[in-house]
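Below: one structure, written as structure tokens.
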Amino acid sequence: MSLNPIARRKFLGASLPLLVVALAIGAPQPASAADADYDAIVAKGVKYLASKQGDDGSYSAQIGIGPTALATLALLEHGRGTNDPQVAKSLAYLEKAVREDGGVYAANGRLKNYETCIALMCFNKANTDGKYDEIVKNAENFVRGVQITDTDGVGEEDVTYGGSGYSGKTRPDLSNTAFLMDALVSSGAKEDDEAIQKALIFVSRCQNLESKYNTTKFAGKVNDGGFYYTPAVSGDQGDRGTPDGGLRSYGSMGYAGLKSMVYAGVERDDPRVKAVLEYVEKNFDVTANPGMGQAGVFYYYQTFAKALDAYGETTITDASGVAHDWRKELIAELGKRQREDGSWANSNTQWMEGDANLATSFALMALADCQAKK
């Protein structure tokens, strides 16, 4: 199938219905917000995030440039323009992180691929007048260059093939490979793009589904159609593993896998898509990250919303036959979790989600995918 028109329009930079921001009035309210004050939730979150900007335009700079790129992208998605002083200040901060190799990452370079992918999405969203053309082009070349492929002497039979890690050609994982695909799609990559199709090979090997697409030793151990973090592992995997040597599926990876398959044009009747949808139906949840509890729950919300928006379904029917309006339920849950000051933060501090700037950015990005679609 072709990439869902809604997803393609979002990522290729065409106009979307704008959401209310801190001082905006009269913006259209999503149809799914009947039981939750969507506008108020978003406005409080945007106001909080905008108030936490550092003097240099950064957000939580102590953990890298990722939070700044995510926060700026969230503000752009909720109607702040590039002429907004706070947005402009953050974009200028990100410009200072542009490196000679085209990447956009913090000086210590620990998260080169991850940070560049998020920054590329941010600059693409902001690039309405061509101002960032050169940055975008060079950043895209960078993320393409750090994908593990045959140009590195790695054959397609290798479990790392097509993947990307935090710093590029390090151990690849599904989260970073999904961000790579997000970034390329934001730059206009189509489903037949070579890098997208190579990434699909890695993504398919992260699915708990024994098939011709996944012949790794993990494929048939769990076989629930969900996705795990990476097949490029050895030894005891602790709480991510199973007693028989399998790798547990968990929610955020399941939605990362589904979204990646949409981007790669995998048909709805393909066994990989059918299997992950069965997993989604059996594990539908807006209160926790299935398989991980509260760990990474705000990243889960962002991935959950982006994947289902890309897939194009407004309701998910769970294993009990109950139909869920996922947008409505996610808005309500985020409304419950929002703190008095407008922020979100995770009491489970794994993956730095105790940082309110990071968690709030993820929450606002998830809410952006809860917009009413026309």
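Quick note: residue numbers are just sequence positions, from 1.
- A salt bridge links E194 to K198: at least one charged side-chain nitrogen sits closer than 4.0 Å to a carboxylate oxygen.
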Quiz item: side-chain hydrogen bond (donor to acceptor under 3.5 Å, both in side chains) between Y161 and D150: does it pass, once the steps are laid out?
Solution: CA-CA 8 Å; Y161 185 87; D150 41 287; 2.9 Å; yes

Practice problem: List the steps, then state whether salt bridge (Lys or Arg N to Asp or Glu O under 4.0 Å) holds for K274 with E278. | Solution: CA-CA 6 Å; K274 291 169 72 173; E278 288 180 10; over 6 Å; no

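- Taken from OG1 in T360 to CG in L367, the straight-line distance is 10.5 Å, to the nearest 0.5 Å.
- Both I118 and V146 are part of a single hydrophobic cluster, where members link through side-chain heavy atoms under 4.5 Å apart.
- F179 is linked by a ring pair (Phe, Tyr, Trp, His ring centres under 6.0 Å) to Y114, counting only residues two or more places apart in sequence or in another chain.
- Within 6.0 Å of CD on Q350 lie more than 12 heavy atoms contributed by other residues, nucleotides or ligands.
- Within the structure, salt bridge (Lys or Arg N to Asp or Glu O under 4.0 Å) pairs that include any residue of residues 102-119 do not occur (at least two apart or interchain).
- No continuous path of hydrophobic side-chain contacts links V159 to F218 [ILVMFWY only; heavy atoms under 4.5 Å].
- Y48 and M352 fall into different hydrophobic clusters, where Ile, Leu, Val, Met, Phe, Trp and Tyr side chains are chained together by heavy-atom contacts under 4.5 Å.
- In summary, the aromatic rings of F304 and Y301 are positioned with their centroids too far apart to meet the 6.0 Å limit.
- With sequence neighbours left out, the side-chain contact (heavy atoms from CB on, under 4.5 Å) criterion links V136 to L120, F123, N124, N127, Y132, S187.
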